[in-house]
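Scroll down for the structure; my scribbles are underneath it.
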Amino acid sequence: MDEQPFSKTNRHWVWLRRGTQIFFFLLFVWLFLQAEYGGQELLAWPVDLFFRFDPLIWAAHLLTFSPLVWGLWWAVLFLGLTLVLGKFFCGWVCPLGTTLDGFRRLLFSPRPDKGVAAHWRRAKYYLLIFLLVGAPFSLNLVGLFDPLSLLYRTLAIVFYPAFGYGVEKAALTLYRLGEPFTYVSEPVYQALKATLLPFKPLVYLLPFFTLTLFALMVAAERVDKRFWCRALCPLGALYALLARFSLLRRRPVVLCPDCRDCQATCKMAAYAPEEPFRHQTAECQLCLGCLESCQEGRVSFTFTSKAPRAPLDLGRRQVVTSLAAGIVAVPLIRLGSLAKRPEEYLIRPPGAQKEAEFLSRCIRCGQCLKVCITNGLQPVLWEAGLEGLYTPRLVPR
Ligand code: SF4
Ligand code: SF4
Ligand code: SF4
């Protein structure tokens, strides 16, 4: 990309990024809709595609010595690309990032950040350490915080059933009102039934709990843009550890003292004030917002920059605390689970591994809930201990 006032080429890059972001979001939703039993043994589409490319899930399976890791090696490709391009996944691909951007634009008027997320920036690294340290002991809680799992199960438990219920009720009301409403409502309802609506109305446990967690993430957007991404996302933290060394870098590396407009534009606050406003590739999502907003045309992205990088200081004490917390959590959570009387109605999905093995493999994405044609699989709250949160159970009807 050339260094010149906002050129046609730069505009093309900005539109390409937006288009790519929308494409991957729609692909995520479309694959979500395809995860439905259609009368054949195997699903027609690779509905778990996004999870196969998820390095956080790959790392957790690698550390838990899960045989499933062999199906997840594609994730390494994304790690390699991050070393070259930086955190492109977050700005160009991640459907949760796109969702948060969409809700922010829809619900909140543009306003300057309050700067709270900046104080919590390192928390995502500590959360990542905490989650991965327990993995070699088969404590795999990664799915609770993985952004793809989180978005998928929120769609599956809250939004998709709510959408189906709303359409069914609206269609029924219009049907009762009769003509002329049915001239429009019936064809629309039949078209939705054939494409978007579930095979039968779905109801899941934990909708309010799940919606509350999601609403908190969205509400945090009012405080600071991409609060979740900046402060908490463990997948973002994993990418950031590699993006710190990425070859592609923004220029100028330090904010111009006569302007600093980029600082206001950047939704990741990728300039470290403590480091004379040096650009941090670990935080930058390559959203190109600064490229678009710079009136002087000074911004460009280059593979040839030799400028010093902003350091990443996680603090030895905090890192040790995260490691210790991850290790201590293993017996604490395990003993808590073992202390509970076995729940006699806790029936796992057909073909599930033994309980311990099952818990270490499940990524709490909710895909099995979505694909179950009888709506018999339901998410677990505390019935299997903290470790079992959001794992599936069979509730016979
Ligand atoms: S930080 Fe996490 S949620 Fe945010 S865009 Fe990146 S991977 Fe997605
Ligand atoms: S907006 Fe342009 S001129 Fe202003 S600080 Fe950023 S790169 Fe410099
Ligand atoms: S530095 Fe520029 S490209 Fe990077 S996240 Fe901020 S606005 Fe986007």
Side-chain angles (χ1 to χ4, degrees), residues 1 3-6 10 13-14 17-18 21 24-25 28 50 53-57 75 78-79 82 85-104 113 117 121 123-125 127-128 142 145-152 154 214 217-218 220-221 224-243 246 248-272 276-301 310:
M1 282 173 260
E3 200 170 337
Q4 52 183 289
F6 197 53
N10 287 345
W13 278 107
V14 170
R17 188 200 70 78
R18 284 185 188 145
Q21 207 183 11
F24 280 110
F25 177 79
F28 187 84
F50 278 80
F53 284 87
D54 185 330
L56 186 58
I57 289 172
F78 270 67
L79 292 179
T82 304
L85 300 172
K87 269 167 68 171
F88 75 100
F89 178 85
C90 296
W92 292 60
V93 180
C94 180
L96 181 57
T98 309
T99 306
L100 292 175
D101 283 347
F103 272 108
R104 186 179 63 250
D113 285 346
R121 182 171 277 174
K124 60 180 179 284
Y125 297 106
L127 179 59
L128 175 69
V142 154
F145 297 92
D146 178 79
L148 301 177
S149 290
L150 201 154
L151 179 61
Y152 202 105
T154 307
F214 186 75
M217 284 173 70
V218 172
E221 289 292 305
D224 283 331
K225 294 187 266 312
R226 292 282 189 114
F227 190 109
W228 160 263
C229 303
R230 285 199 229 171
L232 290 170
C233 179
L235 178 56
L238 183 59
Y239 277 129
L241 289 174
L242 295 179
S246 71
L248 186 64
R249 297 180 66 190
R250 179 196 183 274
R251 214 165 38 189
V253 172
V254 176
L255 282 185
C256 319
D258 56 342
C259 169
R260 295 191 175 160
D261 274 0
C262 310
Q263 200 182 6
T265 309
C266 180
K267 59 185 166 193
M268 289 301 288
Y271 306 91
F277 296 101
R278 190 169 292 280
H279 181 250
Q280 304 177 90
T281 47
E283 297 296 328
C284 175
Q285 298 190 339
L286 256 84
C287 73
L288 309 183
C290 52
L291 182 77
E292 190 178 16
S293 68
C294 178
Q295 300 298 317
E296 306 296 326
R298 290 180 193 166
V299 177
S300 63
F301 287 81

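On a predicted model such as this, the values are computed, not experimentally measured, just so you know. Each ligand, and each atom within it, is numbered from 1 in the order the structure gives.
- For atom 4 (Fe) of ligand 2, the closest non-hydrogen atom on the protein side is Cys259 SG, 2.2 Å.
- Of the protein's heavy atoms, Cys262 SG, 3.3 Å lies nearest to atom 1 (S) of ligand 2.
- Around atom 8 (Fe) of ligand 2, the closest heavy atom drawn from Cys256, Cys290, Ser300 belongs to Cys256.
- Interface atoms of ligand 2 facing Glu296, defined by a heavy-atom separation under 4.0 Å, are 3 (S).
- Among all protein heavy atoms, the one lying closest to atom 6 (Fe) of ligand 1 is Cys90 SG, 2.3 Å.
- Residue Leu291 does not touch ligand 3, judged by heavy-atom distances below 4.0 Å.
- The nearest heavy-atom contact from the protein to atom 5 (S) of ligand 2 is Arg260 N, 3.2 Å.
- Contact annotation: for Arg250 versus ligand 2, heavy atoms closer than 4.0 Å belong to the side chain alone.
- Against a heavy-atom cut-off of under 4.0 Å, Pro147 is close to the following atoms of ligand 1: 2 (Fe), 3 (S), 7 (S).
- Only the side chain of His279 comes within 4.0 Å of ligand 3, judged by heavy-atom distances.
- Residue contacts with ligand 1 leave out Lys124, since none of its heavy atoms falls under 4.0 Å from the ligand.
- Regarding atom 2 (Fe) of ligand 1, its nearest protein heavy-atom neighbour is Cys233 SG, 2.3 Å.
- At the top of the distance list for atom 3 (S) of ligand 1, counting protein heavy atoms only, stands Trp228 NE1, 3.3 Å.
- Taking every non-hydrogen atom of Val299 and a distance limit under 4.0 Å, the qualifying atoms of ligand 2 come out as 7 (S).
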